[in-house]
Amino acid sequence: MLYPRSSEGRQIQSFDGIWNFRIDDSPTRNEGFDQKWYSRPLSTTGAVIPMAVPSSYNDVTEDKNIRDFVGWAWYDREFFVTKEWQSRRLVLRFDSAHYYCIVYLNGKEAVRHNGGHLPFEAEVNNMINFDGPNNLTVALNNTLSPTTLPPGTISYKADTSKYPEGYFVQNLQMDFFNYAGIHRHVRLYTTPTTYIDDITVTTTVDIGSNVAYVYYDIQIIGNQAVGLTVELLDREGVIIQGAPTSNGTLKVMNPTLWWPYTMNSGIPAYLYTLKVMLDGSVIDVYRLPVGIRVVNVTSEKFLINNTPFYCHGVDKHEDSDIRGKGLDYALIAKDFNMLKWLGVNCFRTSHYPYAEEILDQADQQGIVVIDESPGVGIKSFNFDNQDLLNHHLEVMSEMYRRDKNRPSVCMWSVANEPDSDSANSVNYFKSVIGHTKQLDPTRPVSFTSDRDYYNDKCVQFVDVIMINRYYGWYSDTGHTEVIQRQINTNFMEWRKLYNKPLLVSEFGAGTVVGLHMQPSVAFTEEYQIEVLSQYHQAFDQHIGQFLVGELIWNFADFMTAQNPTRVVGNKKGILTRQRQPKAAAQLVRKRYNSMFNSSFNGDHRLCYL
Ligand code: BDP
């Protein structure tokens, strides 16, 4: 599914702004459907409040019932469409809405989507009113169930001596707040009736002979006899290569490759543009950014453009105060500035696919992304649920469809910390990983494991072993002196069993900013520094061998459900939730920046073609 981009053939109308909003807190949570709230303006169904789109609705109001609401939330707004658009194909696109979404246009269902983090769209020509207002209504359900990703359960509390009649709670299986809402852009965009529906690009590089190949495949809907032109443009807009066919190979001599950025090279990630034109740009035009690069994994190395890549990175969350997981350009810009300030060359989209605008920045700024699915916290009792597996396969297909052309995406992570030691996890992950590899033979596939070398049953399917480790935190709390030994032992055991590269995809310590103690104790800034430095010293013994990366948990503090082990959220950030550095950020900054110049990171400057 192509990201909406305006061009000579396409226009975009944005529905971002303030919408009307109300929750359906009727006992059945079904009053909205019973009374057909979608058939008239929401304000005529009862009291509505203003709600920002995009945003999570949870932290925008002062009302606990809205913050902690479970069930159907309703949105609506009005819009107009110019008559000039009558002859165009009109597509209504939601970049994401969490979790189950039904969209109505002028009282009729336009589209529904299952899943909280990926785009969906529908052609709406025959539903639009060109002579007056259009009413767009959204019913959104945030309930997590055994067939959602992440999975969850609802517990009904039947004991009326303790709970009121009909009382229920949402149980989460993941460690972050279940923010809900219309999280990303909502847009109406036009295309011609014969249009470019999809483009798939893959690239290979022959380093020795200084040649790259760009393979492209274009789907056109409508008149197949329409003239097609494909052009590859360099950054200055100069045509490098052209072709008149809907699929083929473009040969690029002396290519400028897409590299993860290096501090001193001064060469930012290089993006070409694949310009696709129907009827010589008269009908439709789409410009797709293309980074030429190739990713390979050996038994010891993660190679980008045949050069060993060491990931010095962080795990993130889409999380901020007020907006929750809502798209926020200032936050995106700030986060990328902080990533660069820290010297981060890689992040994982823990634990769900992030906004496309975030991946745009990773593509443009040269930061490697491990693109993770929302398959977080899948328990042994979930694996036999065929509906969950089917949904997981569908989510991987949707993720691939959305992110397949992104040079920054160098590996897929299909899940985080599943019960991968249970017998029934094997078939589940064989399917999910097999399916992902089938979709995309050009990128490695993995998941993060918190199980151990002796009991994990699914690491056999991955290309890179990703492990989450909390020595000195969840085990041996307070004992930083055992971390190095435990890391070393653990690494050696994994190596004995598997001939695959290893990446530590989580390690860290909870830290309340401003809390100090010497000698350190858990939760102080001193303790976070000690924990991280012990891991760093352990990692340094294996970099250049089989260790291909380290991701700190976490880039910034983030919100979680309330529970006795979390103090207003998870505090393992090296930045606060407001993106101010804790003392440990200085340690990380020094380490990561020095890594840009070290030989084990590969000197990219020598490898530019
Ligand atoms: C890991 C999870 C992550 C948690 C983290 C923690 O992958 O989502 O937030 O631990 O406990 O188990 O801080």
Side-chain angles (χ1 to χ4, degrees), residues 116-117 144 148-152 171-179 313-320 324-325 347-354 370-380 382 411 413-422 425 429 446-452 455-456 458-459 462 465-478 483 486-487 490 503-513 522-524 527-528 531-532 535 549-577 582 584:
H117 315 86
L144 297 183
T148 58
L149 285 179
N171 304 309
L172 302 177
Q173 294 171 203
M174 79 286 190
D175 180 37
F176 54 92
F177 192 87
N178 188 33
Y179 279 113
V314 291
D315 295 294
K316 287 185 91 268
H317 258 298
E318 277 181 322
D319 175 275
S320 74
K325 291 198 188 310
F347 66 83
R348 174 169 62 122
T349 69
S350 39
H351 296 306
Y352 39 81
Y354 292 175
I370 300 171
D371 202 353
E372 185 158 278
S373 92
V376 46
I378 310 176
K379 305 289 177 203
S380 55
N382 294 126
M411 179 152 74
S413 167
V414 301
N416 180 73
E417 297 190 354
D419 281 355
S420 50
D421 54 345
S422 71
S425 65
F429 279 101
S446 189
F447 72 92
T448 71
S449 176
D450 65 345
R451 303 303 136 111
D452 236 316
N455 61 11
D456 190 292
C458 300
V459 150
V462 306
I465 299 174
M466 295 206 289
I467 52 172
N468 296 351
R469 289 296 174 264
Y470 285 96
Y471 306 133
W473 185 255
Y474 287 122
S475 59
D476 299 304
T477 317
I483 291 173
Q486 296 188 4
I487 278 283
N490 196 255
L503 187 151
V504 178
S505 40
E506 280 185 32
F507 64 103
T511 309
V512 178
V513 70
F523 286 109
T524 61
Y527 193 74
Q528 188 179 37
V531 166
L532 296 183
Y535 280 88
E550 55 189 83
L551 295 173
I552 295 170
W553 191 260
N554 190 287
F555 171 71
D557 293 345
F558 59 91
M559 192 46 73
T560 63
Q562 299 182 57
N563 91 45
T565 69
R566 296 288 178 259
V567 188
V568 195
N570 186 312
K571 292 285 186 273
K572 295 194 186 69
I574 53 172
L575 309 180
T576 64
R577 202 177 183 210
K582 298 181 190 172

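Only this structure's heavy atoms are used, side chains among them; waters, hydrogens and symmetry mates stay out. The structure presented is a predicted model; accordingly, all values stated were derived computationally and were not measured. Just so you know, ligand 1 is whichever comes first in the structure, and atom 1 is the first atom listed for that ligand.
Within the cation-pi definition used here (under 6.0 Å to the ring centroid, within 45° of the axis), Lys572 qualifies as a partner of Tyr470.
Asp175 and Thr560 share no side-chain donor-acceptor pair at under 3.5 Å.
For ligand 1, the protein residues within 4.0 angstrom (heavy atoms only) are Asp175, His351, Asn416, Glu417, Asn468, Tyr470, Tyr474, Glu506, Trp553, Phe558, Arg566, Asn570, Lys572.
No side-chain heavy atom of Leu551 sits less than 4.5 Å from a side-chain heavy atom of Val504.
Evaluation of the salt bridge (charged side-chain N to carboxylate O under 4.0 Å, His left out) test over residues 549-561, restricted to residues two or more places apart or in two chains, returns Glu550-Arg591, Asp557-Lys582.
Within the 6.0 Å centre-distance limit, the rings of Phe176 and Tyr352 are counted as a close aromatic pair.
The CZ atom of Arg451 sits 8.0 Å away from the OG atom of Ser422 when rounded to the nearest 0.5 Å.
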